[in-house]
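No hydrogens, no waters, no symmetry mates; every other heavy atom, side chains included, goes into these values. Chain naming here is simple, since letters A, B, ... match the order of the sequence lines and numbering starts at 1 in each. Keep in mind that what you see is a predicted model, and the values were worked out from it rather than measured.
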Number of protein chains: 2
Amino acid sequence: MLKTDGDGPADAASRRDEGAVSRFVERFAAQLTDAGMQRMAARVFAQLLASDGGAMTSAELGEALRISPAAVSGAVSYLTQVHMVSREREPGSRRDRYVLHNELWYETFTRRDQVLTQWGKTLREGAAGLGAHSPAGARVAETAAFFEFMQGEMLGLMDRWRAHRATLDLG
Amino acid sequence: MLKTDGDGPADAASRRDEGAVSRFVERFAAQLTDAGMQRMAARVFAQLLASDGGAMTSAELGEALRISPAAVSGAVSYLTQVHMVSREREPGSRRDRYVLHNELWYETFTRRDQVLTQWGKTLREGAAGLGAHSPAGARVAETAAFFEFMQGEMLGLMDRWRAHRATLDLG
DNA sequence: CTCAAGCTTCACAAATTTGTGAAACCGCCG
DNA sequence: CGGCGGTTTCACAAATTTGTGAAGCTTGAG
């Protein structure tokens, strides 16, 4: 055990204010949940985001969020699936550590691309089935065009983010 | 009842192939559902998208999707809430028509902006609570910066979409 | 080879969500 | 002002989702 789990007074600036951390985690997780993310996945993600190393073990996550190992496992396997978190074996131990990607948002949004592709495909086929000259077909085709447009813009957008990120003064 | 609901052969090109419409609607709705949208709302939205006028009455939606008036009502009130659909009173009748916005994607994505603002706020506060010079604080601040960046880009992006849209040959 | 830490899987119980029928409501028509 | 088409609200039943405890599996350490 690395530290007591008490919520005792923060002894000076060196210690994290766990109360504040928890409030942030729960608040942000709730917003993600509202946006459609699974609750446990959102909480685990937010907790990782608020951790100093950007990485925690299953046990640490379980304790911080007060959830069972099973819940951690489920959340992590979802986050892994969508490539927001990766699993690392901690050398010299048999624990896994769950790690945020360092280019997190770049990766995540670039990945979204594939969802857009899938949507675009469905829409193109739908438009074809409706007949390109029917009003409905035209509307569906416009929607397809929108997602294709977004896809095209995404790369440039993410590159601009990278550039912008480099100019930030973090920490 | 406007027409039989059988899946008989489409009688010539003049008639919509309702089977194809339905397949498209269900497929696209499923994808939206996977992305976090309520099922009924997704189905109603997809059905409207595939309708010739971009507008349908409650009864038409109910018949096409084989759901109750109550379900239509619920779905529509959600879609109205998020400004993807608006309600119109059909003159000379006491039916409502549910109508897609014509600048649908422009509106919808511009609206998303407000979600980003909210997230950004939570993240900024979280970063402050964590301490700007702690690694965790820096990570959260970077995330806040990302959403602020996205917000800033969104306007230009949507304007480019409008311009691009104008060049499309629809129908 | 054996032990044991720790992750995952399974089956289940609880909680939430979903969609329905039925009743209430609203506004127009006669 | 009574009737009626149409929509919304309500309470409930069904289905899905969620999170847990406990058992099982995997793998490193000794």
### Query
dT8(D), dT8(C), dG6(C): which one has an atom nearest the side-chain heavy atoms of R87(A)?
dT8(C)
### Query
Rounding to a whole Å, what distance do you find between E63(B):CD and dT7(D):C1'?
18 Å
### Task
With the side chain of A70(A) defined as its heavy atoms from C-beta on, choose the nearest nucleotide among dC7(C), dT20(C), dA22(D).
dA22(D)
### Task
Output the single nucleotide from dT7(D), dT20(C), dT20(D) whose closest atom is nearest the side chain of A71(B).
dT20(C)
### Message
Closest-nucleotide mapping onto DNA chain C: is S93(A) or G74(A) further toward the 5' terminus? I mean the 5' end.
### Response
S93(A)
### Whole-Å gap separating C1' (dG19(C)) and OH (Y78(B))
17 Å
### Message
Can you identify which nucleotide, out of dG19(C), dT8(C), dC4(D), has its nearest atom closest to the M40(B) side chain?
### Response
dG19(C)
### Query
Rounded to whole angstrom units, what separation is found between the CZ atom of R89(A) and the C1' atom of dT27(D)?
7 Å
### Query
OP1, OP2 of dC7(C) versus side-chain N and O of S58(A): anything below 4.0 Å?
yes
### Query
Does the separation of the ring centres of W105(B) and F147(A) fall below 6.0 angstrom?
yes
### Greater than 12 external heavy atoms within 6.0 Å of R124(A)'s CZ
yes
### Message
Under 6.0 Å from the ring centre and within 45 degrees of the ring axis: does the NZ or CZ of R162(B) meet both conditions for the six-membered ring of Y106(B)?
### Response
yes
### Length of the line joining M37(B):CE and dT18(C):C1', which is rounded to integer Å
15 Å
### Task
Calculate the interatomic distance between M56(A) atom CE and dG6(C) atom C1'; express it in whole Å.
16 Å
### Message
Parallel, tilted or perpendicular, judged at 30° and 60°: which one describes the rings of F146(B) and W161(A)?
### Response
perpendicular
### Message
Between R97(B) and V72(A), which residue's closest nucleotide on DNA chain D lies nearer the 5′ terminus?
### Response
R97(B)
#### Entry: Nearest listed nucleotide, side chain of S68(A), among dT20(D), dG5(D), dT8(C)
dT20(D)
### Message
Just the rounded figure in Å: distance from P of dG19(C) to CZ of R39(B).
### Response
5 Å
### Message
Rounded to whole Å, please give me the gap between CZ in R94(A) and C1' in dA29(D).
### Response
6 Å
### Query
What orientation do F45(A) and F28(A) show, parallel under 30°, tilted 30 to 60°, or perpendicular over 60°?
tilted
### Query
Whole-Å distance between dG19(C) C1' and Q38(B) CD?
12 Å
